[in-house]
Amino acid sequence: MKVDVLLGLQWGDEGKGKVVDVLTPKYDVITRFQGGPNAGHTLEFNNIKHVLHNIPSGIFHPDKMNIIGNGVVLDPISFKQEIDKLEAMGMDLTRNLLISKKAHLILPTHRILDAASEACKGITKIGSTLKGIGPTYMDKTGRNGLRVGDILNNFDKKYSDLKKKHQQLLGMYDFEYNIAEFEKGLAEGIECIKKFTIIDSEHRINDYLKQGKSVLAEGAQGTLLDIDFGSYPFVTSSNTICAGACTGMGIAPNKIGEVYGIFKAYCTRVGSGPFPTELEDETGEALRKAGHEFGATTGRPRRCGWMDLVALKYSVMINGVTQLIMTKSDVLSTFETIKVATSYKINGVETEEFPYELPENMEVIYTELPGWNEDLTGMKSEDEFPEELNNYIAYLENELEIPITIISVGPDREQTILRGEN
Ligand code: GDP
Ligand code: IMO
Ligand code: MG
């Protein structure tokens with residue numbers, strides 16, 4: 001068997017959590033392979049909304065196994081908060097959630113370092129989620145980090161040694177902090193992780209594949225936030241792309257099967273950094289309102305703009321996408337015309353290639369398509385789609401040369417339309 005991967009093609013928040021939950025019945029195992037509690041993955045069913053940060057979005061299907069892979073960074077404090085919430089709903093996750101020994105731990109001092117780094121950058125800040133993601137991955141690549149396996153022996157001493165190093169680093173910033181505040185809940189968080197089965201997940205996942213079990217890897221963030229290929233430096237600190245599933249789970253490239261690329265019918269971004277199709281006007285405000293575009297992790301308003309085909313084609317290429325999923329199609333229902341960016345003009349030169357940098361003064365060239373003034377949220381099949389939506393879908397498929405196999409028309413599990421052979 002192969003591992004199918006579902007990942008974001010834009011700047012995150014494409015609806016990954018919702019669609020992973022919808023696809024979970026087709027799989028035996030769901031894994032996270034990168035990122036950490038910077039992710040906020042929303043699922044809705046039975047009129048209840050759930051937001052997951054550390055835990056894979058297959059968790060609401062009790063007969064499916066969920067794995068936090070080695071490429072993830074895990075914060076014991078935020079993990080316990082999430083577990084507590086789910087346990088309060090009567091769920092026992094110790095049966096169907098496994099954690100990799102090799103996942104790196106986000107420590108309280110990583111969160112302080114994140115805050116200090118952002119504060120000292122001032123207006124050039126990344127707009128990070130302040131979850132300690134950057135400093136934790138820095139310790140990983142700098143070979144100083146602590147891993148989940150480290151909590152199994154002598155953790156306190158290891159933490160206090162690393163904390164000393166972090167405090168020296170923090171001394172270089174003009175930043176005040178109360179360490180006790182940040183450390184609240186750490187001991188309980190560590191004990192909470194110990195309740196779970198901690199495994200060598202690369203062996204387990206490869207064994208599952210040998211046994212014929214199907215695995216879905218759930219990406220976090222999005223391709224344009226990838227540390228190598230995103231709009232650097234306004235990115236996250238991990239490889240959010242398909243290749244990240246290999247290193248973040250310990251599977252070989254030839255074990256990747258389908259690559260589901262998910263995108264919104266328009267674009268959003270939260271945090272700083274370039275956004276060529278951003279609408280800083282009433283149309284952007286209308287998108288934010290109609291799409292309830294506020295961050296699932298930080299509550300910040302998301303910046304909104306039109307679909308960007310230059311960026312989307314780049315993401316499709318980097319990930320080797322085999323199937324596309326379009327979400328939030330319903331949000332575009334009230335617009336007379338829909339705009340799609342088809343090329344950029346930089347220093348007078350037109351290009352369809354996503355460039356090294358996205359200068360502020362670049363020009364964006366758009367195509368306009370007619371909108372559909374029809375509520376999609378109750379639709380159950382593509383046969384009900386208005387002609388203009390079918391045209392939009394056909395236009396995108398033609399440009400991207402990949403079929404759009406799933407259309408999402410609302411936040412609920414049920415508001416999902418499978419096309420073609422699905
Ligand atoms: P993720 O990080 O990719 O899992 O996405 P988020 O959960 O951060 O953000 C997506 C938001 O859109 C959530 O509030 C979802 O409930 C919601 N959502 C997902 N799909 C749709 C859709 O097709 N239509 C609408 N209106 N909302 C959707
Ligand atoms: P999901 O999985 C949207 C953004 C932050 C910031 C930048 C770096 O829900 O799609 P970090 O805390 O990672 O160092 O922040 O990346 N960011 C996200 N934006 N969705 C996410 O995750 C994000 N995770 C990080 O806003 O601009
Ligand atoms: Mg999100």
Side-chain angles (χ1 to χ4, degrees), residues 8-15 222-225 229-231 234 261-270 272-291 293 301-318 321 324-374 376 385-404 407-408:
L9 297 180
Q10 295 162 324
W11 279 284
D13 302 330
E14 298 89 349
T223 302
L224 304 174
L225 290 171
F229 299 103
S231 46
F234 300 100
I262 183 164
F263 65 98
K264 281 183 194 178
Y266 49 98
C267 263
T268 63
R269 170 161 209 172
V270 59
S272 327
F275 182 176
T277 60
E278 182 168 15
L279 292 160
E280 292 176 280
D281 57 11
E282 64 276 13
T283 311
E285 195 51 50
L287 275 173
R288 183 163 23 265
K289 214 165 152 218
E293 294 295 357
R302 294 177 183 145
R303 300 155 64 191
C304 297
W306 294 120
M307 162 74 74
D308 184 342
L309 267 183
V310 180
L312 202 55
K313 282 180 183 171
Y314 181 70
S315 297
V316 164
M317 172 185 84
I318 294 287
V321 170
L324 288 162
I325 300 170
M326 182 163 83
T327 59
K328 298 211 146 181
S329 319
D330 53 303
V331 173
L332 290 185
S333 284
T334 51
F335 294 87
E336 277 291 307
T337 44
I338 294 167
K339 283 170 87 173
V340 177
T342 50
S343 60
Y344 301 154
K345 205 174 206 177
I346 300 173
N347 298 328
V349 181
E350 195 172 331
T351 179
E352 288 184 26
E353 234 174 57
F354 195 71
Y356 173 73
E357 264 176 341
L358 296 161
E360 237 171 68
N361 63 355
M362 65 186 262
E363 199 187 318
V364 179
I365 301 179
Y366 292 94
T367 282
E368 286 194 17
L369 288 101
W372 49 90
N373 214 334
E374 214 173 316
L376 309 179
F385 284 171
E387 193 189 335
E388 294 83 357
L389 173 59
N390 282 329
N391 288 342
Y392 190 52
I393 294 169
Y395 172 77
L396 295 176
E397 284 185 324
N398 186 46
E399 287 290 323
L400 297 163
E401 299 179 80
I402 309 281
I404 302 179
I407 305 275
S408 175

Side chains of residues 335-357: which donor-acceptor pairs under 3.5 Å do they make with residues two or more places apart or in other chains?
| residue | atom | partner | partner atom | Å |
| --- | --- | --- | --- | --- |
| Thr342 | OG1 | Ile365 | O | 3.2 |
| Ser343 | OG | Glu350 | OE2 | 2.8 |
| Tyr344 | OH | Asp308 | OD1 | 3.2 |
| Tyr344 | OH | Asp308 | OD2 | 2.5 |
| Thr351 | OG1 | Glu353 | N | 2.9 |

**Item:** Partner residues of Glu363 under the salt bridge (Lys or Arg N to Asp or Glu O under 4.0 Å) criterion, sequence neighbours left out
**Value:** none
**Any residue meeting salt bridge (Lys or Arg N to Asp or Glu O under 4.0 Å) with Glu293, in chain and number order, not counting sequence neighbours** = Lys264, Arg302, Lys328
**Prompt:** Are Ile325 and Phe263 close enough that some pair of their side-chain heavy atoms sits under 4.5 Å apart?
**Reply:** no
**Complete:** Output for pair (Arg269 CZ, Trp11 CH2), nearest 0.5 Å, gives 5.5 Å
**Item:** Side chain to side chain, Leu287 and Thr268, heavy atoms closer than 4.5 Å
**Value:** no
**Message:** Do Leu389 and Met326 have side chains that approach each other closer than 4.5 Å (heavy atoms only, starting at C-beta)?
**Reply:** yes
**Request:** For Thr327 and Ser408, indicate whether the former's side chain and the latter's backbone hold a donor-acceptor pair under 3.5 Å.
**Result:** no
**Prompt:** Would a 4.5 Å heavy-atom cut-off, applied to side chains only, mark Ser315 and Gln10 as touching?
**Reply:** no
**Request:** Apply ring-ring contact (aromatic ring centres under 6.0 Å, His included) to the pair Phe385 and Trp372, showing each step before the final yes or no.
**Result:** CA-CA 9 Å; Phe385 284 171; Trp372 49 90; 8.8 Å; no
**Any donor-acceptor N/O pair, Asn390 side chain to Ile393 backbone, under 3.5 Å** = no
**Message:** Does any part of the side chain of Phe275, heavy atoms only, come nearer than 4.5 Å to the side chain of Leu358, both counted from C-beta?
**Reply:** no
**Asked** Given side chains that start at C-beta, do those of Met307 and Leu312 come closer than 4.5 Å, heavy atoms only?
**Response** yes
**Prompt:** Do Leu9 and Ile262 have side chains that get closer than 4.5 Å, going by heavy atoms?
**Reply:** no
**Message:** Do Phe234 and Leu225 make a side-chain contact, defined as non-hydrogen atoms from C-beta onward lying under 4.5 Å apart?
**Reply:** no
**Message:** Donor-acceptor check, side chain of Glu278 to backbone of Gly305, threshold 3.5 angstrom: yes or no?
**Reply:** no
